[in-house]
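This report refers to the structure that appears directly beneath it.
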Amino acid sequence: MALPPSAHPIPSGSPSSSRGAARIFSGLLEARTGQILSESRAWRMETALKPVLRAQGLPDMDALASRLMTRKDAALENDVVNALLNNESSFFRDLQIFDMIHRHILPHIQAQRSDRTLRIWSAGCSTGQEVYSLAIQLCNDMARWRGWRIEILATDISTAAIAQAKAGIFTQMDVQRGLPVGDLLKWFEPSGDDWCANGALRQMIDFRTDNLFDARAPMGEYDLLLCRNVLLYFTPERRQSVLRLLARHSHAGSVLLLGAGETVIGHSDDFVPHADFRGGYGRRADATARQDGAMRRAL
């Protein structure tokens, strides 16, 4: 698999200094993913790229930047972008959010859905801990969901993150971060020094490599949409674009969850703070009508 190709070439710049090389890598990341490399992430750029330098037999970032600029090497570009993406994740991250999902949001959705179908989309799923946590919650409560069709879509632009998520293999350190011991023993199997999610859990989730600015994977509308700790890496214009995408794949009863430091306020006319779920967002009462009208005008 490859990252979606950029419509822009690698940004020009002089790789004659580490600062020039950093500009080239930052420009490549933004062109391919829309992400702005924040100061807090830029300082660790050299550490993040060390595996790429070793694999290519290159001495430093300047040499890597020169190779990117002098050769058209899609695989190398993919490796650089994958290395720079922030794939920080953990099981049941922000436990109060998962408690709200389990106790309040999912029962609310269940009461609305007469077709007994639950659709969830995790946009920017990283290495999969978020959706595996959701799948564990649903499996532990399967008596409630018996007879329901459950669809979980998980997307991320990082090919490396999606490959790990699909494999479902996590280190001892990964599972110690937030995963209860009972769930570990129930839903994971030892795999050497690591742990592998069992087949039933993996089969619940459709992992796809996808770009939020040219999304192909989501289809139709989702009841629960999670896009947590993704928007903070984008410019305001790109945040608006992502929220418009999420709105197109939501309905009047959908619930949207963002990261703790993220908001729709000032970025979207389609979502408003949810009346029942603190930190969640729902569709504006007139958003669906406006969206349908815009689609009719486009036709």
Side-chain angles (χ1 to χ4, degrees), residues 85-110 118-145 148-156 158 160-191 194-208 210 217-218 222-232 246 254-262 277-281:
L85 287 169
N86 182 7
N87 292 321
E88 172 68 18
S89 187
S90 60
F91 289 97
F92 295 98
R93 187 178 185 181
D94 302 322
L95 188 57
Q96 69 276 15
I97 294 295
F98 281 92
D99 185 64
M100 181 173 67
I101 291 172
H102 174 65
R103 294 177 180 271
H104 304 291
I105 294 178
L106 290 180
H108 169 80
I109 292 171
Q110 188 177 45
L118 172 66
R119 305 192 77 222
I120 298 172
W121 177 22
S122 170
C125 68
S126 187
T127 46
Q129 286 94 320
E130 177 177 81
V131 281
Y132 279 118
S133 300
L134 287 169
I136 288 169
Q137 283 188 324
L138 289 164
C139 287
N140 284 341
D141 202 19
M142 192 49 72
R144 174 194 292 266
W145 298 100
W148 280 66
R149 185 169 76 252
I150 297 174
E151 302 175 10
I152 304 176
L153 172 66
T155 64
D156 199 279
S158 170
I162 288 295
Q164 180 180 338
K166 279 184 176 179
I169 296 177
F170 299 94
T171 66
Q172 184 68 36
M173 183 177 293
D174 289 334
V175 299
Q176 286 176 338
R177 296 182 63 200
L179 185 62
V181 172
D183 286 329
L184 171 63
L185 298 177
K186 186 176 182 180
W187 298 110
F188 290 77
E189 301 162 357
S191 177
D194 301 324
W195 293 85
C196 183
N198 72 21
L201 215 57
R202 296 200 310 274
Q203 289 170 13
M204 290 183 67
I205 307 165
D206 180 11
F207 286 106
R208 303 276 191 94
D210 205 18
Y222 294 84
D223 306 300
L224 175 60
L225 303 94
L226 301 99
C227 188
R228 302 199 303 152
N229 306 305
V230 175
L231 297 182
L232 57 88
L246 296 171
S254 296
V255 179
L256 168 65
L257 296 176
L258 303 178
E262 299 168 325
F277 310 125
R278 185 175 182 180
Y281 299 92

Tell me the closest heavy-atom pair linking [X] and [Y], and the distance in Å.
| X | Y | answer |
| --- | --- | --- |
| Ala135 | Ile205 | CB-CD1, 4.2 Å |
| Ser126 | Asp156 | N-OD2, 2.9 Å |
| Ser89 | Arg93 | CA-NH1, 4.1 Å |

Do Lys186 and Cys139 have side chains that approach each other closer than 4.5 Å (heavy atoms only, starting at C-beta)?
no
Trp121/Tyr222 aromatic ring centres below 6.0 Å
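Yes, ring centres under 6.0 Å apart.
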May I ask you to check whether over 12 heavy atoms, not counting those of Met142, lie within 6.0 Å of atom CE?
yes
Please check if atom NE2 in His108 has more than 12 non-hydrogen atoms from other residues, nucleotides or ligands closer than 6.0 Å.
yes
Is it the case that the side chain of [X] and the backbone of [Y] share a donor-acceptor pair, with hydrogens and angles ignored and the cut-off at 3.5 Å?
| X | Y | value |
| --- | --- | --- |
| Glu262 | Val230 | yes |
| Asp223 | Arg119 | yes |
| Asp210 | Ala217 | yes |
| Glu130 | Leu226 | no |
| Asp174 | Thr171 | yes |

Angle between ring planes, Phe207 versus Tyr132, binned at 30° and 60°: parallel, tilted or perpendicular?
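Answer is tilted, since the angle falls between 30° and 60°.
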Partner of Phe91 under ring pair (Phe, Tyr, Trp, His ring centres under 6.0 Å), picked from Trp195, Phe188, Phe98, is Phe188
Pairwise distance CG(Leu257) to CZ(Arg228) - rounded to 0.5 angstrom:
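One finds 7.0 Å between CG of Leu257 and CZ of Arg228.
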